[in-house]
Amino acid sequence: MDWYSALVFSVCIAASCSAEDLTFPPGFKFGAATSSYQIEGAWNASDKSESIWDRFVHDLPTRILNQDNGDIACDSYNQLERDIEMVADLGLHYYRFSLSWPRILPSGFPNYISKEGTDYYNRLIDGLLAKGVEPFITLFHWDLPQSLQDLGGWTNPLIADWFADYARVVYTLYGDRVKLWLTLNEPVVACDLSYITGVTAPGIISPDVGTYMCNKNIMLAHAKAWRVYDEEFKPKYHGKVSIANHLLWFEPQTEADSEVAELALQHLAGRYCHPIYSKEGGWPPSIEKVLEKLSLERGYSKSTLPAFTQEEKDLVRGTYDFFAFNHYSGRQIRWAKEGETFSPWPLGDAEDLNGKIEFPDHWPPTASSIFYVYPEGIRKHLRWAKEQYGDLEFVITENGLDTLGGLDDHDRISYFREYLKQILLAIKEDGIKLTHYTAWSLMDLFEWMDGYHSKFGLYQVDFNDPLRTRTPRLSAHWYKKIIEAHSLDVNVTQDVL
Ligand SMILES: *[C@@H]1O[C@H](CO)[C@@H](O)[C@H](O)[C@H]1NC(C)=O
Ligand SMILES: *[C@@H]1O[C@H](CO)[C@@H](O)[C@H](O)[C@H]1NC(C)=O
């Protein structure tokens with residue numbers, strides 16, 4: 001034994017090898033994710049109606065980098081067999097995908113159910129189950145029926161019932177075979193990003209008012225859809241339903257900035273988590289206070305964050321079976337100095353909180369301008385969520401790195417490895433009950449305003465090829481090995497490519 005091995009050996013005895021223990025707990029599950037608009041294409045196939053994303057990209061193509069759109073995307077509507085094959089090849093325990101509401105209910109309402117639309121998802125679900133892969137379904141991943149947008153979309157309070165009706169149709173169709181559900185993906189994007197900046201559909205800018213109407217209605221919609229399952233389907237199907245929020249870690253620049261960092265966490269995560277997961281329900285009190293003061297200063301008659309009645313608080317509170325979240329990155333935040341200008345929330349600064357965002361030099365940038373690599377952030381966020389909301393079951397529904405392409409994606413492998421190491425520490429050192437990890441994404445796809453420029457896929461997709469050929473990247477080979485070994489202690493080399 002050389003001196004180095006001897007040292008490692010003795011450290012291992014002293015610390016029960018915890019630093020070196022790269023195995024995942026028994027029963028821990030791995031998956032990968034996609035979403036309907038980003039992969040399916042077939043935007044006008046059979047009786048499918050227009051979604052707000054179809055309208056958004058067609059109305060003004062320059063909204064999207066290179067004027068790309070999701071008309072064909074990965075053509076998954078026609079390449080379903082290949083998608084199932086990839087998922088099976090990786091050895092995934094589950095595949096997270098979303099349903100297109102306007103494909104299933106072309107009017108947006110349950111008065112007419114599309115046979116072709118529902119058949120597509122039946123074939124996908126049955127194909128996955130035949131390969132031993134569990135389907136994990138998201139009901140809404142941003143592609144709202146345009147017909148409902150024309151009636152106000154998420155700003156119309158009636159949408160909570162419309163969404164519950166859609167959920168009931170879907171649970172009725174697929175609940176016998178699907179046991180894992182998410183109502184909504186990242187409502188903070190559908191509300192904050194959309195209504196503050198207009199860079200995502202529906203492209204309506206109403207930062208002070210629309211954002212918070214959407215926020216409240218989307219919370220009620222989630223709650224009603226959760227309760228439909230809980231009351232009408234859970235007794236016979238025994239599945240679980242939650243919501244996938246986007247959690248972005250805010251690190252205070254100095255000790256003196258910890259208050260603004262906590263406010264930012266409450267503003268981005270808390271406004272979508274507190275109504276559901278907290279003991280008392282309703283908005284995070286600190287944000288309620290900030291927004292009321294700001295609204296009055298801006299000349300509104302009352303807070304533009306609509307209040308919950310006690311009945312609404314009780315309706316939303318406790319509507320979860322686990323705590324799901326997507327996580328990619330972190331931000332460093334500090335109090336703004338007098339006279340500083342702000343870029344818009346939620347990608348930029350936290351103007352409403354008087355917070356400025358910066359990125360430390362030691363956080364590597366990624367292909368997109370909005371994400372920086374800060375693996376410790378995921379562990380910190382898990383600890384924060386456990387402190388805020390209790391010792392819940394945590395499920396990571398998205399995590400991944402975007403690059404500019406290439407099959408030899410060492411950078412993606414090291415991103416996954418570093419984040420998974422932090423996840424292991426959270427489980428083993430902090431006692432976090434984390435049960436599922438989902439890589440974003442199964443394959444390159446339409447990445448919203450970035451079009452096809454930024455690539456998140458374990459599989460590369462050739463968007464110039466009419467067949468949209470998929471090829472495994474090095475990271476796909478690596479992820480497969482991780483799942484097989486149930487451990488992070490695996491290596492891959494380029495010769496597998
Ligand atoms: C569907 O949209 C494509 C463009 O993406 C167009 O070429 C085609 O004619 C449309 N099909 C129908 C049936 O409207
Ligand atoms: C992977 O590579 C590292 C560094 O080269 C090495 O320490 C480790 O033992 C290897 N693991 C396996 C499972 O081969």
Side-chain angles (χ1 to χ4, degrees), residues 34-84 86 97-124 138 140-151 153 166 169-170 173 185 189-190 194 198-204 405 441-457 459-471:
T34 60
S35 91
S36 48
Y37 184 74
Q38 294 178 279
I39 64 164
E40 287 176 4
W43 75 278
N44 56 2
S46 71
D47 49 5
K48 177 185 171 290
S49 71
E50 207 184 3
S51 78
I52 58 171
W53 270 90
D54 296 320
R55 177 70 62 92
F56 187 72
V57 301
H58 292 153
D59 249 15
L60 191 59
T62 51
R63 280 173 165 148
I64 311 296
L65 196 61
N66 302 320
Q67 308 199 22
D68 291 334
N69 64 48
D71 286 359
I72 303 175
C74 306
D75 197 27
S76 283
Y77 191 69
N78 299 304
Q79 301 284 341
L80 165 146
E81 302 301 330
R82 176 64 178 133
D83 289 356
I84 295 168
M86 289 169 358
F97 59 95
S98 80
L99 309 181
S100 162
W101 185 347
R103 197 183 292 292
I104 294 177
L105 301 180
S107 72
F109 296 101
N111 59 318
Y112 171 74
I113 300 173
S114 164
K115 181 165 183 332
E116 279 189 50
T118 54
D119 277 356
Y120 170 66
Y121 297 115
N122 266 322
R123 284 188 286 129
L124 178 55
T138 311
F140 174 80
H141 200 123
W142 311 347
D143 43 357
L144 190 71
Q146 181 62 41
S147 58
L148 301 186
Q149 184 60 47
D150 293 341
L151 302 175
Y166 161 57
V169 168
V170 167
L173 285 166
N185 181 71
V189 170
S194 290
V199 300
T200 52
I204 294 168
S441 53
L442 175 63
M443 61 188 140
D444 296 341
L445 37 70
F446 177 77
E447 194 50 43
W448 312 109
M449 58 274 200
D450 281 340
Y452 298 103
H453 176 75
S454 96
K455 319 229 183 247
F456 275 99
Y459 281 72
Q460 172 182 277
V461 177
D462 182 354
F463 292 101
N464 296 314
D465 177 352
L467 292 175
R468 297 296 190 272
T469 305
R470 291 108 155 97
T471 312

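Here the structure is a predicted model, which means the values were calculated and not measured. Note that these values count all heavy atoms, side chains included, but never hydrogens, waters or copies made by symmetry. Counting starts at 1 for both ligands and their atoms, in listed order.
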Check: Looking at Asp71, which atoms of ligand 1 are within less than 4.0 Å of one of its heavy atoms?
Finding: 5 (O)

Margin query: Give the atom numbers and elements of ligand 1 that come within less than 4.0 Å of a heavy atom of Trp43.
Written below: 1 (C), 2 (O), 4 (C), 5 (O)

Checklist line | Residues, nucleotides or ligands: over 12 heavy atoms within 6.0 Å of Glu81 CD | finding: no

Check: Cut-off 3.5 Å, side chains only: do Asn185 and Thr138 have a donor facing an acceptor?
Finding: no

Item checked: Pair Thr469-Asp462, side-chain donor/acceptor within less than 3.5 Å -> no

Notebook entry, point to check: For atom 1 (C) of ligand 1, which protein heavy atom lies nearest, and how many Å away is it?
Noted result: Asn44 ND2, 1.4 Å

Checklist line | Within-cutoff protein neighbour (heavy atom, under 4.0 Å) for atom 7 (O) of ligand 1 | finding: no

Next item on the list: State whether any protein heavy atom lies less than 4.0 Å from atom 13 (C) of ligand 1.
Entry: no

Next item on the list: For Tyr121 and Ser100, indicate whether the former's side chain and the latter's backbone hold a donor-acceptor pair under 3.5 Å.
Entry: yes

Note to self: With a 3.5 Å distance limit and no angle check, can you tell me whether Asp68 reaches the backbone of Tyr452 through a side-chain donor-acceptor pair?
What the structure shows: yes

